[in-house]
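We count ligands from 1, going down the list as the structure has it; atoms in each ligand are counted the same way. FYI, the numbering just counts along the sequence from 1. Heavy-atom basis, side chains included; hydrogens, waters and symmetry copies ignored.
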Amino acid sequence: MAQPADLSPIPEAEAPRDCPLCPRLVAFREECRVEHPGWWNAPVPAFGDREAWLAIVGLAPGKQGANRTGRPFTGDYAGELLYATLLKFGLAEGKYRADPHDGLQLKGAVILNAVKCLPPANKPEPREIATCRHYLDASLAVLTNVRVVVALGQIAHVAAARALSLPPSSTKFGHGAENVAPDGRVLLSSYHCSRYNQNTRKLDAAMFESVFERAVELRRLR
Ligand code: SF4
């Protein structure tokens, strides 16, 4: 069920499987390895197109999702809406079957995470977000064709803002909020496509699709 790390489109920007930098997350990773030895249980690599114009930044792997399968958003509720939307906008080809071996390919898009390891209760601590930004920065530095960054949720928004050299204090977060980085790349923010946000109707498919519609429009403008 695991995605080999060398399937990452940007292997030079990936964390090692046993990245030691966040002690709390390392301890949780070790617990998960004991509890679920067949799961991925490691930093989750990027997934998608090395030539991507669009980078999507999520929060962190979900326990039953990317932490289990090794591919971002694969196997959890949030992935259903994300991959359906990418397929709808021609940013993915194939069929999403919640399995890293489903053959799905992203076209012009890549998925990254603000934090690459599973955090307890889905809540990374500020210093973990700051530490893992090393990999987000490295990923965005390698992905030189990226013109638009879609951040899913406020934590991803702040991490992406910092990675794009935008001051988080004056970089507005909101569904559909746009901020232009000094190098011209656009940070476009969205509510996270989590089960909670969908069940509470904070986010529905039409709202989520509107962000990707705007991303496609921004690509044409830039
Ligand atoms: S969250 Fe990032 S920096 Fe921290 S241990 Fe995992 S890969 Fe390393």
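- For atom 8 (Fe) of ligand 1, the closest non-hydrogen atom of the protein is Cys19 SG, 2.3 Å.
- Less than 4.0 angstrom separates some heavy atom of Val115 from each of these atoms of ligand 1: 1 (S).
- If you number the atoms of ligand 1 from 1 as listed, the ones under 4.0 Å from a heavy atom of Pro43 come out as 7 (S).
- Using a cut-off of 4.0 Å between Lys/Arg side-chain N and Asp/Glu carboxylate O, Glu35 and Lys63 are scored as salt-bridged.
- Taking the charged nitrogens against the carboxylate oxygens, Arg147 and Asp183 have no contact shorter than 4.0 Å, which rules out a salt bridge.
- Between Glu217 and Arg220 there is no salt bridge, since no side-chain nitrogen of the basic residue lies less than 4.0 Å from a carboxylate oxygen of the acidic one.
- With a 4.0 Å cut-off on non-hydrogen atoms, Arg127 does not touch ligand 1 at all.
- Proximity of His134 to ligand 1 is not established, as no heavy-atom distance is less than 4.0 Å.
- Using cut-offs of 30° and 60° for the angle between ring planes, the Phe47 and Tyr83 rings count as perpendicular.
- For Cys117, every N, O or S atom stays at 2.8 Å or more from atom 2 (Fe) of ligand 1.
- Taking a 6.0 Å sphere around CZ of Arg127, one finds it holds 12 or fewer heavy atoms contributed by other residues, nucleotides or ligands.
- Of the protein's non-hydrogen atoms, Cys132 SG, 2.4 Å is the one closest to atom 2 (Fe) of ligand 1.
- Contact atoms of ligand 1 toward Cys22: 1 (S), 3 (S), 4 (Fe), 5 (S) (distance under 4.0 Å to a heavy atom of the residue).
- Counting atoms of ligand 1 from 1 in the listed order, those under 4.0 Å from a heavy atom of Leu25 are 1 (S).
- His36 contributes no side-chain N or O that, together with a main-chain N or O of Gly38, makes up a donor-acceptor pair within less than 3.5 Å.
- Counting heavy atoms closer than 4.0 Å to ligand 1, residue Ala15 contributes side-chain atoms (C-beta onward) but none from N, CA, C or O.
- Contact detail for Ala177 and Lys172: the closest heavy-atom pair is CB-O, 3.6 Å.
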